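What follows is a set of notes on a single structure, which appears directly below.
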Amino acid sequence: MSNKMTKRKATGLDTPDSVNSDTDASDIRQAVSHFSLETYSKRRKTDDGPSTSELRDFSSLPLKDDHVNRPLWIEPEKGRIIVESFSRPSRGPKTFSSELQSHNLVLFAAVSIGWTTSDILHRLKFYCKTAVPQAIQDFIIVSTSSFGKVRLVLKHTKYYIESSDEQVLQKLLRDEVIGACRIDSSEEFTKEAAPKMGALAIPGTKAAAGARQAEVAVQERPAEDEDDEVVRQEREMLNALREDDEEEEMDQVHSFQIAPENAQKVSKRCREINLPLTEEYDFRNDEANANLDIDLKPSVQIRPYQEQALSKMFGNGRARSGIIVLPCGAGKTLVGITAACTIVLCTSVMSVVQWRAEFLKWSNIDPSDILVFTADNKQQSHFNKNTGVVIATYNMITQSRSHDAMKILDFITKREWGLMLLDEVHVVPAEMFKKVTYSVASHCKLGLTATLLREDNKIEDLNFLIGPKLYEANWQELSQQGHIARVQCAEVWCPMTPEFYTEYLRANTVNKRGLLFTMNPRKFQACQFLINFHEQRGDKVIVFSDNVYALKAYALKMKRPFIYGGTPQNERQQVLDNFQFNPATNTVFLSKIGDTSLDLPEATCLIQISSHFGSRRQEAQRLGRILRAKRRNDEGFNAFFYSLVSKDTNEMYYATKRQAFLVDQGYAFKVITHLQGIEKMPELAYTTPEERRELLQDVLLQNETAGEAEVISEDLFSEYGARKTKKGARRTAGTLSELSGGQDMAYIEYNKSSNKGLKKKKGYQNSFMKGLARKADRVAAAKRENEGVYWCPGLKDNRDA
DNA sequence: TACTTAGCAA
DNA sequence: CCTTTTGCTAAGTA
């Protein structure tokens, strides 16, 4: 790799970073985010991803004079694009790479948001450090010219594949997958006059407020480089191409019908054969569906990034299907204000209620036009007028089988919808939820999410289930503009105590290990210290723990309230109210119930003591909990996000993985190895070896009850029993801890059962765990090299034994 | 109404 | 190369 690829800050006037930074800089980052997604999933598959040595040496390529200010490299043969990323103080230079050939998805997404072929080429040239190879230019021209030729349209609740080019349709029909999906294969193509395009004003913008016919906010093209001969040639060529299109458009469109349940199959196949389907809704020319009488309240003014997102969606005067990624906060609802009938789907009953409230808050919609469809609310099965908004949960659409529910379901599936809004769209790829995309007939689908992430590889399915990613906001930019809070992120390394580490190495299941590294006394102390510190600063602190046992143990020891799934509704509310209004309650402990389904009052500090493996989504969602802080615009205000990590354990590896998304969003995680003044803290817990040993025994006993249920023989005490009755489970833990009080028996018994477990789980032990352990070791070793602080002497790693 | 169960997601 | 536990929702039962 060239030594030119070092961390640099772009400066100067005519540089990519300073020119038109509002649009271009974020656009390129958006394009790049596709690449990073790819790279990441690839890395998971191949274990290690492209290593540095795999990258080629670019030093032989001729550089442009001002190359330092241009962030892209292109590998000539493979077409791989490499992006230098700036301003990552803690991580140093990082490279993303991807092979262009396999990702015309990216190109399609670019075309979808209104870029022309020459826009793409021009931008690529503009940002590239070297000349863009001709082969790659040709590839882009060929690929993009076929985009937008075929459309998926909905007419009278039936799906049609439509194109102005009859030959393209014939080509599609010859494809065995697509051909088989056609209905009435004997018939000729249907013909009709092509619809006309026009401009549209987006509600809530100045243009719309001024009531003048607004020119749509399509991306401004970069300044022309008229001297460049190649650019001009190519422009002529493209103009010729586009004129062809326009002529055809004046003409007629041809179409054939496909079965609704095959729509996603066809869509997927079309992408594979490089003729991706465009899904657009020309709602202003829709005469079949009544328009919904809805508009934003006159006082409402949308924020610039919301306008930008909407301009991507309505860029050519129609509504495009796709996904918009915005961090949490008001305004997601605003995109729902368009025309025709709307259906909104959410994950939980809570958000259904919220959506309804938001509709009423932001728009002038008649409350009786909103139909809420949940388990508790399934009486009304029709609109008062001919049109309206339906808000439902995914569950009701996909699972409900009760009589009343079927009636409404029928109403929903039998009619045609203008816009389907899918909240938390990242859940849609789950098998069950996929059903909604074809069981509900909608002209246009819009997905909303704050975190377009999954730990399986199903996220790509959204491309054919919904559409391309239209817009993604950058968290750091939003926080600089003051829309969300500034956050300091830190990873706190807590060394394991020798006793806990010995048991950690001896433990043979993920659970036991997990319990040991979250119950690490040093971690407890760190948590105690941080809570103390932030409460004194006047912060409201939330502590997250995925592990319920640890949650209770921490909360009880520190005498702070906690909420988990088993907490009754009224108690939950009481705790939250206290947290919000009572100045004496400044800390609350939450299980993963707090990730999604709790309406949290705003907190300003967040501490994570245990988490779900390497889930990037969870990390992002938790961070999102402190972004709304009202004090965000105060001078020098910071929110805090701590991840407590036990050193030299798998947790190190998980933590790094979990942070990947936030790091991509521009957050820098500081590493804290020592909390200043922690030794001097009064009432610090677990300072004596006796206390620590007692804790360890409790933990080990807890382990045993979970793993070796039959020893206790009573069903109530088994893990299964705990699942059945939550009250029973709570009592169990308490009783058994009391029983254990300072007796070494528990410890000895644990060792026996641990050995048994070793034999039984040997295969598991040797494969998966070893992989994780190796990675963790590598991470730990690297970190140890840097730090040289802590290593348990005399302990041998017995994981391979 | 309150509680339990099944099925699903992450 | 493997998979837990926790939580949510809908619907059934006393």
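Sequence lines set the chain letters: A, B, ... in the order given, protein chains first and strands last, and positions in each chain run from 1. If you're wondering where the values come from, they're calculated on a predicted model, not measured in any experiment.
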| said: Tell me every residue that passes ring-ring contact (aromatic ring centres under 6.0 Å, His included) with A:F544, counting only those two or more places apart in sequence or in another chain. | reply: none

Which protein N or O atoms sit under 3.5 Å from an N or O of nucleotides 10-14 of chain C?
unit_1: C:dA10; atom_1: OP1; unit_2: A:T393; atom_2: OG1; d: 3.2
unit_1: C:dA11; atom_1: OP1; unit_2: A:R401; atom_2: N; d: 2.9
unit_1: C:dA11; atom_1: OP1; unit_2: A:S402; atom_2: N; d: 3.1
unit_1: C:dA11; atom_1: OP2; unit_2: A:K378; atom_2: NZ; d: 3.0

| request: For the pair A:F359 and A:W355, name the ring-plane relationship: parallel under 30°, tilted 30 to 60°, perpendicular over 60°. | output: tilted

| Which nucleotide, B:dC8, C:dT4, B:dA10, lies nearest any side-chain atom of A:A430? | B:dA10

| Set of ring-ring contact (aromatic ring centres under 6.0 Å, His included) partners for A:F524, sequence neighbours left out | A:Y554, A:Y686

| request: With sequence neighbours left out, write down each residue that passes ring-ring contact (aromatic ring centres under 6.0 Å, His included) with A:F661, or none if nothing qualifies. | output: A:W475

| Rounded to whole angstrom units, what separation is found between the CD atom of A:Q569 and the P atom of C:dG7? | 13 Å

| message | Whole angstroms only, please: what is the OH-P distance between A:Y549 and C:dT5? | response | 16 Å

| request: Find the distance A:K435:NZ to B:dA9:P and express it as a whole number of Å. | output: 10 Å

| request: Pick base, sugar-phosphate or nothing for A:Q618, based on heavy-atom distances below 4.0 Å to the nucleic acid. | output: nothing

| remark: Between CG of A:D595 and C1' of C:dC8 the distance, given in whole Å, is 13 Å

| Base, sugar-phosphate, or nothing for A:S591, non-hydrogen atoms under 4.0 angstrom? | sugar-phosphate

| In terms of side-chain heavy atoms of A:K592, which of C:dC8, C:dT6, C:dT4 is nearest? | C:dT6

| said: List the residues meeting ring-ring contact (aromatic ring centres under 6.0 Å, His included) with A:F433, not counting sequence neighbours, and say none if there are none. | reply: A:Y394

| message | Rounded to whole Å, please give me the gap between CZ in A:F589 and P in C:dT6. | response | 17 Å

| message | Between P on B:dA10 and NE2 on A:H612, what's the gap in Å once rounded to a whole number? | response | 10 Å

| request: Please determine if a side-chain N or O atom of A:R454 lies less than 4.0 Å away from the OP1 or OP2 oxygen of B:dA10. | output: yes

| query | Which whole-number value in Å describes the distance from A:D461 CG to B:dA9 C1'? | reply | 16 Å

| To the nearest Å, how far apart are A:Y654 OH and C:dT4 C1'? | 10 Å

| message | Any side-chain to backbone donor/acceptor pair from A:N262 onto A:K265? Under 3.5 Å, distance only. | response | no

| request: Could you tell me which residues satisfy side chain to side chain contact (heavy atoms under 4.5 Å, CB included) with A:V487, sequence neighbours excluded, listed by chain and number? | output: A:C489, A:L623, A:I626, A:L627, A:A639, A:F641, A:Y667

